Structure formats: C-alpha cells, structure tokens
Number of protein chains: 2
Amino acid sequence: MVTNCANCPLRKIDVFKDLDRDELAYMQRFKHGELKIDSQSTVLMEGSNSPQLFTALKGMGLRYKTLEDGRRQVVNFVLPGDFIGLQAGVMGEMKHSVEATTPMVLCVFDRSELWSLFKTQPERAFDLTWAAAIEEHFLGEALATLGQMDAIERMSWGLIRFFMRCESLGLVDGDRCPFPYRQQDLADTLGLSLVHTNKTLMKLRQRQLLSLEAGILTLHDPEALKELAALEIEPVVQRPLI
Amino acid sequence: MVTNCANCPLRKIDVFKDLDRDELAYMQRFKHGELKIDSQSTVLMEGSNSPQLFTALKGMGLRYKTLEDGRRQVVNFVLPGDFIGLQAGVMGEMKHSVEATTPMVLCVFDRSELWSLFKTQPERAFDLTWAAAIEEHFLGEALATLGQMDAIERMSWGLIRFFMRCESLGLVDGDRCPFPYRQQDLADTLGLSLVHTNKTLMKLRQRQLLSLEAGILTLHDPEALKELAALEIEPVVQRPLI
DNA sequence: CGGAACATTGATAGAGCTCAAGGAACGTGG
DNA sequence: CCACGTTCCTTGAGCTCTATCAATGTTCCG
C-alpha cells in the first residue's frame with residue numbers, strides 16, 4: 001500500500017517546510033509509487049542513466065564513489081527525506097552510487113516529468129536547486145574536513161554531523177541515535193584506514209566522549225566533540241521536502 | 001564600457017551552449033553591470049549575504065573555506081564562465097569565500113531577481129540547477145581524491161583537471177596553460193603541506209611529466225598523469241552559461 | 001640596498017597505513 | 001546442539017608517507 005503524500009510521515013517533522021495544497025497535489029501526481037529494498041542492495045549505480053528519481057522515506061543508506069582500483073569514498077549518508085538522483089535528473093547520469101544500509105522505503109518519481117516540474121512549479125524547482133546547493137555546501141565542508149583535519153577531528157565532525165541530522169529527523173533518544181554503518185563505512189567516509197578508524201574510535205571512547213556499539217551511537221559530551229571538530233557546526237535548517 | 005551579452009566573448013566558446021534570442025534578452029535585463037577587481041581582492045566572504053551574484057568573465061580566482069584556527073581549504077578554482085554566489089542566491093548566505101587571484105572582470109546580477117528567473121525562465125532555472133549539480137559532482141570527485149589518494153595522485157588529478165578546464169575555455173596553447181596560483185594555494189587545494197606540495201611537484205618534474213614555472217603549467221605527458229590520477233577523468237561537457 | 005613574497009631543500013618526528021593475528025557474534029548445516 | 005564459516009571488531013608491530021622545523025635561494029620592488 002502506497003503512502004499518500006498528504007499523509008507522508010515526513011511532513012510532520014518540523015525540519016521540513018510545509019507544502020500548500022497545490023504543491024501537494026502536484027507532488028502526488030509526480031509520485032509514481034514506492035520501492036522497498038533490502039539492506040545491502042544498490043539503489044542507483046554510478047554511471048547509470050536511471051529513469052527514476054527517489055526520495056528516501058525510511059531507512060538509511062550511503063552515497064559513494066568507487067575508484068578504478070576498488071578504493072571507495074563515501075560521499076554522504078542517506079537519511080529519510082533525502083532526494084536521490086538529482087544528478088541523473090539534470091546531468092543524465094549518476095556520478096556516485098547509492099546503496100541501502102538498512103532496509104529502505106523510497107518514493108519513486110519519474111525523471112521525464114522533471115522538466116514539467118520546472119515549467120509549472122517554479123517553487124518546487126527552486127526547492128530542487130536549494131537541495132543541490134545544500135549538498136554542495138555539505139560537500140565543501142566535508143572536503144575541508146578531509147583536507148585539513150586529523151583523524152580525531154574528522155571523526156568528531158562526522159559523528160556530530162550525523163547525530164545532528166538524526167536529531168532534526170526525530171531519530172534521537174536522549175543522547176543516542178541509530179548508526180547502522182560498519183566501521184569500514186566510517187573509514188571510507190573519513191578517508192582513514194579501517195584500523196586507524198577503529199583506534200581513533202577507541203580514543204574517543206576512552207575519553208568518555210562517545211560510545212558506538214550495536215548500531216547505537218551515543219554522544220556523552222557533544223560540546224567537547226564540537227570543540228574537537230574545529231569547524232563551526234551549524235544547526236540543520238528547515239528545508240523543502242521533495 | 002559594459003559588455004553586451006550578445007557580444008559576450010564567452011558565448012563564442014564551444015563549451016557553452018548557445019542562448020536563443022529570448023533568453024539572451026532576459027539575461028541582458030538580468031545583468032546589472034560589470035565589476036573589475038584587482039588581484040588578491042575578495043569577491044564574496046563566507047557568511048556574507050550578498051545582494052549580488054556574479055559570473056566570471058575574465059581572470060581567475062579561488063573559492064575557499066577557512067577554519068576557525070586559520071587553516072584553509074580551497075574548494076575550487078574559479079575560471080571564466082563560472083557562476084559565483086549561487087549559495088547566497090538560494091540559501092541566503094555564502095558558505096565559502098571567493099577571491100581573485102588575477103585581476104578579474106565579473107558580470108553582476110541582482111539577487112532579488114533570481115526568483116523572477118525561476119518563474120519566467122524555466123530553462124534558465126534548469127541551467128542553474130544543472131550548474132549546482134555539476135559543482136556537486138566536482139566536489140564529490142575532489143572528496144574522493146583527498147580521501148583516497150596519495151600526494152602524487154592528488155597532484156596529478158588536480159593539475160589535469162585544471163588543464164582540461166582551461167582547454168575547454170580555449171586557454172591552452174599546445175601543452176601549456178596559465179596557472180596563476182601559488183604553491184600554497186595548490187597545497188590548500190590538495191590537502192597537503194606547502195613543503196610536501198613542493199617536493200611532490202619536484203618529483204613530477206623530474207619524471208618529465210610536467211613543469212610549472214612563471215605562472216605557466218606545461219603537461220609533457222598527460223597520459224601518464226591520467227594514469228597516475230587513478231580516477232577516470234571525464235571530458236568537460238558543454239554547459240549553460242549564466 | 002633592504003625587505004617581502006615565494007620557492008626550494010634537508011633533517012627529524014609523528015600520524016596513519018599495512019600486515020598479521022585473534023576475538024566476538026551470528027547463521028547454517030550436519 | 002555443536003562445528004564451521006563468515007563478517008565485523010580489536011589489537012600489536014613495523015614501516016611509510018607526510019608534517020613540521022629550519023635554513024637558504026630567488027625574484028621583484030620600493
């Protein structure tokens with residue numbers, strides 16, 4: 001059974017801007033169905049020319065790029081509310097892959113209708129551009145992190161950022177949030193080796209700043225972590241849902 | 001004297017898509033003037049809420065982020081045809097700074113008209129989104145480079161990428177292109193120390209792969225460099241001019 | 001000529017990588 | 001119910017790459 005946009009659970013979350021009746025009707029038409037996928041399966045492949053675009057409804061995943069020799073860089077985590085496939089939509093092909101880490105539910109849109117969206121729904125088109133600009137902003141921050149920070153700083157940055165995103169989605173319980181990723185994923189996100197990722201995590205645990213076990217991330221001292229991250233961490237802002 | 005959009009020298013370059021008469025007229029109205037700035041001066045500051053947006057017409061610059069303790073990450077080079085200020089346009093404030101490395105000439109647009117562009121010029125709105133997606137793609141590639149590659153690989157990647165961008169703009173003469181940046185800028189781009197940047201550059205020189213002196217970058221063996229870069233380097237594609 | 005900005009080079013130290021091994025948790029099949 | 005394989009996490013040892021420190025060279029300009 002397909003979720004109706006009007007009842008979309010994400011709309012109830014504060015961080016998403018409300019749509020007016022008209023926009024809602026349009027999105028409902030734009031929406032072509034729902035896709036449920038298992039954990040570990042691939043949503044979109046780098047280089048693919050997918051006819052479909054998605055918005056994550058439930059579950060978590062990863063965006064990543066693969067180098068020719070197999071090295072992998074995780075570009076971002078995928079959380080509910082994230083739009084997937086913008087690159088394929090405007091550039092014709094995906095520049096990274098997207099895979100599900102947990103089971104996921106995705107809203108499916110038809111790429112061919114993207115152009116009609118631009119013509120008839122300028123607000124929604126603006127929102128799309130906004131989403132792209134936000135992603136660009138995030139990637140710039142990630143770039144600064146990998147380029148300038150050491151392992152402890154990177155990990156503090158990465159985990160706080162993730163935690164705050166969860167917070168904005170109502171996934172946080174006290175000082176805890178879900179974290180379904182492996183240490184290898186974290187390593188590929190932060191540009192560290194698996195071994196060093198593990199040792200760095202240990203240091204943060206021993207300093208009583210956080211714990212990470214059984215898929216749960218707990219921040220015992222967020223302030224100290226923000227201090228370590230050396231980058232001003234801005235609150236997650238209200239954003240359009242696509 | 002202000003360049004007329006119809007005579008814009010950039011329009012003659014193959015890499016930019018042609019505008020039709022209507023679009024051209026709109027862009028001409030959108031354009032509010034030209035700004036000439038000296039080398040070393042700042043175009044936009046991180047955090048600034050600029051009422052103006054720009055397109056680079058001539059000259060080269062840098063986009064960069066500054067960390068609280070002064071470390072700096074160059075996010076990208078700015079070349080003619082690049083749009084500057086999209087983030088301020090859609091998000092309200094710049095997330096990185098832009099500074100001129102050489103003297104520059106910029107087209108000036110009024111940010112307040114951006115919304116009218118979305119409403120009345122869906123093609124141009126689409127182009128803007130396209131530009132944002134391209135930048136996102138580039139940043140993803142840069143992230144993979146800093147996260148996964150060593151110094152030699154990073155430098156090969158960075159310099160080939162830059163060379164190819166110059167090539168698409170007709171700035172290449174044989175195997176040479178202008179490179180007005182300091183080694184410190186390159187270091188801050190690649191996430192390396194100045195000293196190591198210098199030594200890595202020396203290695204590439206000694207292997208006869210390139211030279212870099214007096215503001216001129218020469219690629220003696222582009223194929224070998226591409227080999228080193230370990231990332232598939234795609235040709236620069238035709239793109240909209242904004 | 002003196003100073004400033006940038007490039008270059010050598011020496012040393014340390015952060016992070018690789019290799020290697022072992023442990024814990026879990027599912028599967030006999 | 002136990003043996004076994006698989007996946008992931010953990011830990012130690014040694015080595016490499018890159019950072020830092022320090023000094024010198026070069027060019028340009030006032």
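Throughout, a chain's letter reflects where its sequence line sits, starting with A, and its residues are numbered from 1. This one's a predicted model, so the numbers in the text were calculated from it and none came from an experiment.
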Side chains of B:Arg111 and B:Asn49: any donor to acceptor distance under 3.5 Å?
yes
For the residue pair A:Arg63 and A:His96, what are the closest heavy atoms and their distance?
NH1-NE2, 3.5 Å
In sequence, state the C-alpha distance, the side-chain angles, and the governing distance for A:Lys31 and A:Glu34, and then conclude on salt bridge (Lys or Arg N to Asp or Glu O under 4.0 Å).
CA-CA 8 Å; A:Lys31 175 167 176 174; A:Glu34 267 173 30; 3.3 Å; yes
Please examine the side chains of B:Thr197 and B:Val195, heavy atoms only from C-beta on, and report whether any two atoms are closer than 4.5 Å.
no
When you match B:Asn198 and A:His196 each to their closest nucleotide on DNA chain C, which lands nearer the 5' end?
B:Asn198
Rounded to whole Å, how long is the line connecting atom CD of A:Gln40 with atom C1' of D:dC8?
12 Å
Verify the neighbour count for atom CE of A:Met45: are there more than 12 heavy atoms of other residues, nucleotides or ligands below 6.0 Å?
no
Is the shortest side-chain heavy-atom distance between A:Lys65 and A:Lys95 below 4.5 Å?
yes
Answer whether the closest heavy-atom distance between the side chains of A:Ile134 and B:Met91 falls below 4.5 Å.
yes
Can you sort out which residues in residues 199-218 of chain B have a heavy atom within less than 4.0 Å of DNA chain D? Ascending by number, please.
none
In the 5' to 3' direction, the nucleotides of DNA chain C bounding the stretch that comes under 4.0 Å of a heavy atom in chain B are C:dC6 to C:dA11
Trace of the salt bridge (Lys or Arg N to Asp or Glu O under 4.0 Å) decision for B:Asp221 with B:Lys226
CA-CA 9 Å; B:Asp221 192 343; B:Lys226 282 179 195 169; over 6 Å; no
Heavy-atom closest contact (B:Leu79 atom, B:Ala56 atom, distance)
O-CB, 3.6 Å
Evaluate A:Asn76 against A:Arg165 for side-chain hydrogen bond (donor to acceptor under 3.5 Å, both in side chains), listing each step before the verdict.
CA-CA 12 Å; A:Asn76 203 350; A:Arg165 288 187 65 192; 3.3 Å; yes
To the nearest Å, give me how far apart CG (B:Asp150) and P (D:dA19) are.
11 Å
Protein-nucleotide distance (B:Met155, atom CE; D:dT18, atom C1'), rounded to Å
12 Å
Quick check on contacts: within residues 186-195 of chain B, what sits under 4.0 Å from DNA chain D by heavy-atom distance?
B:Gly191, B:Leu192, B:Ser193, B:Val195
